[in-house]
Amino acid sequence: MEVNPSHLPTIPSCHMIRTTSGDIAWMLTATALVLLMIPGVGFFYSGLARRKSALSLLWLSVMAAGVVSIQWFFWGYSLVYSHSAGRFLGDLSHIGFRNTLAAPSVASRRLPDLLFAVFQGMFAAVTVALAVGAVAERGRLLPCVVFMFVWTTVIYDPIACWTWNPNGWSYRTGVLDFAGGTPVHITSGAAALAYSLMLGKRRGHGTHELNYRPHNVASIVLGTIFLWFGWFGFNAGSALSANMRAVMAAVVTNLSASAGGVTWCLLPRRVALERKFSTVGFCSGVVAGLVCITPGSGYVPAWAAVVFGVVGAAATNYGTKLKYYMRIDDSLDIFSIHCIGGLVGNLLTGLFAADYIARLDGTTQIRGGWLNHHYMQIVYQLADSAAGLAYSFVGTCLILLLINFVPGLYLRAPEEDEIMGMDDTEIGEFAYDYVELLRDVVHGVEDDTSSALPMLSMSLSREKHIYTSDGSRPYRAIELEGEPVPHSE
């Protein structure tokens, strides 16, 4: 069918922006890199959990991308980045991506609205994927899917609006948060803590029954690689252009991740206990370093990135013990890595932010932090962090309380489902076929596989290592070989 060009809608020249194909190409690449972080979160969380619930955590991560992308298209983008937003929240002028095409975005006149919308949509999806890891091994999936949509609207959108929209109170105050110390990490960490609190402790928490090592360290390494790789788009892409500020953000991202991984492995307590290096510890330190540098990646010089990595890894490592004092079963240490890591990153940004780094993009002007003798900056950083943490934690508790009252949306899985594993009861599929085989053998579903029981029993119970939350293994418990293995592993 031939189309008459005169019948096509036109865009007024005053609503078009002048940009380079290099900027467009870089931002499209950065968007894809951030998307890659979502399965990275899934693999990381899946490897840390027990094998009978491994697939459910992967499922939640990719489902977060789907649910949040729909929410972002429907009204999320408009609530955060509308040009006429208020101090706390935007309006619905861009609902359904209405009036979102080639006009300059609210964040940069060099970037069209539509490209900026899809890039920032990946940030929202990653944040939700980080938070919902709190349901590990005992939370039902349907209520969690409902939670994703509601939480993004009620919690993430207002915090992102006041942090990144030029009309937001935090932005106007002068808070420096380049890529998401508060909207992404503090918010998701506080939400995960609230979700863990509302769900309650896993069955057997505090006993030998839950002293297990991560079931698949290779999956943790794979998730770390995806995250490390994608974080270049996360931080460097936040420069919103292919410029020297993006280059500096990439440099400090890699340096902080490297320093964090090495620091976690070399902490005196870790070396004294085990005298061995930990792969899980290195991966945890890398993620801690990435989290910590996120708010400062477009503001701090390269040498400061080493400080971010070392301090961030040390703070989050020792922060993993807080859950024991709070008596909350934060099974994947999301609060420590992301909330504490984000808080430390925000404060360090207040110390090391430099005006000449921000000027690398040719437009941004800041007063800087303590390096520029702007001593009030750390107060602004602390106020923004506290506001984001409190709003996310309290708001998440209220959302979950209301969802739990809805018939059919109770949050906690029944005890028998928890014993069987979330993969079996919530999905009906497994990450590993021998999990299903073991279940069938134990329950006598397949008589011809009964001979496999001794082999499976010994392979799963021969050596059960007791790990602490930082990946160290202070001692080893040897279980009796040949004992019947229950379907709870």
Side-chain angles (χ1 to χ4, degrees), residues 27 30-31 33-38 40-41 64-65 68 72 76-77 80-81 106-108 116-131 151-152 155-166 168 170-171 175-192 227-228 230-240 245-246 249-250 252-253 256-257 287-300 305 308 312 316 334-335 337-350 353 358 380-381 384-389 391-392:
M27 291 308 300
T31 301
L33 288 172
V34 179
L35 176 62
L36 187 64
M37 294 172 64
I38 297 173
V41 172
V68 176
W72 195 251
Y77 176 69
V80 178
Y81 291 110
V106 70
S108 172
F116 182 65
V118 68
F119 175 67
Q120 285 296 329
M122 296 299 107
F123 276 61
V126 167
T127 305
V128 174
L130 291 172
W151 186 88
T152 307
I155 305 297
Y156 177 82
D157 290 351
I159 295 178
C161 179
W162 80 49
T163 303
W164 287 325
N165 193 303
S170 178
Y171 188 99
V175 172
L176 302 178
D177 192 338
F178 190 66
T182 297
V184 176
H185 296 298
I186 290 179
T187 300
S188 63
L227 288 168
W228 200 340
W231 225 290
F232 284 95
F234 197 81
N235 285 352
S238 293
L240 305 180
R245 196 180 186 195
V252 298
T253 296
S256 183
V287 175
L290 291 169
V291 169
C292 195
I293 194 61
T294 294
S297 54
Y299 298 113
V300 301
F308 275 73
T316 54
I334 303 171
F335 173 76
I337 297 293
H338 293 280
C339 190
I340 295 178
L343 174 61
V344 171
N346 278 351
L347 297 180
L348 291 178
T349 299
Y380 300 154
Q381 302 295 112
D384 175 76
S385 302
L389 194 160
Y391 182 75
S392 178

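FYI, side chains are in, hydrogens and waters are out, and symmetry mates aren't considered; it's all heavy atoms of this structure.
Y171 approaches N165 most closely through the heavy-atom pair CB-O, 3.4 Å. Between V291 and G342, the shortest heavy-atom contact is CG1-N, 3.6 Å. Nearest heavy-atom pair, S297 versus A179, reported as atom, atom and distance to 0.1 Å: OG-CB, 4.3 Å. Here the closest non-hydrogen pair linking S238 and F119 is N-CZ, 3.9 Å. Nearest heavy-atom pair, G345 versus P295, reported as atom, atom and distance to 0.1 Å: C-CG, 3.5 Å. Residues A30 and G237 approach most closely at CB-CA, 3.9 Å, considering heavy atoms.
A donor-acceptor pair is defined here as one N or O able to donate and one able to accept, closer than 3.5 Å; such a pair exists between the side chain of T349 and the backbone of G296. Listed for the T163 side chain is no donor-acceptor partner under 3.5 Å among the backbone atoms of A160. Here the side chain of T316 pairs no donor or acceptor atom with the backbone of I337 at under 3.5 angstrom. Formation of a donor-acceptor pair under 3.5 Å by the Q381 side chain with backbone atoms of L347 is not found in this model. The backbone N or O of H185 sits less than 3.5 Å from a side-chain atom of S188, completing a donor-acceptor pair. No donor-acceptor pair under 3.5 Å is formed between the side chain of T294 and the backbone N or O of G181.
With respect to S385, the side chain to side chain contact (heavy atoms under 4.5 Å, CB included) criterion is satisfied by exactly one of D177, V344, T182: T182. Screening V128, T127, V126 for a side chain to side chain contact (heavy atoms under 4.5 Å, CB included) with L130, the sole residue that qualifies is V126.
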Pair W162-V175, side-chain contact (heavy atoms from CB on, under 4.5 Å): steps then yes or no: CA-CA 10 Å; W162 80 49; V175 172; over 6 Å; no
Verdict with supporting geometry, V300 and I293, side-chain contact (heavy atoms from CB on, under 4.5 Å): CA-CA 9 Å; V300 301; I293 194 61; 4.0 Å; yes
Given the rule in the side-chain contact (heavy atoms from CB on, under 4.5 Å) test, do F234 and L33 qualify, once you have shown the distances and angles that lead to the verdict? CA-CA 7 Å; F234 197 81; L33 288 172; over 6 Å; no
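Using cut-offs of 30° and 60° for the angle between ring planes, the W164 and Y81 rings count as parallel.
When only modelled atom types and interatomic distance are considered, N235 and T253 share a side-chain donor-acceptor pair under 3.5 Å.
Two residues are said to be in side-chain contact when any heavy atoms from C-beta on lie closer than 4.5 Å; I186 and S392 fail this criterion. Side chains of L290 and F308 form no contact here, defined as non-hydrogen atoms less than 4.5 Å apart. Side-chain contact check for P183 versus F123: every heavy-atom pair is 4.5 Å or farther apart.
Here CH2 of W151 is found 9.0 Å from CG of D157. Values are rounded to the nearest 0.5 Å.
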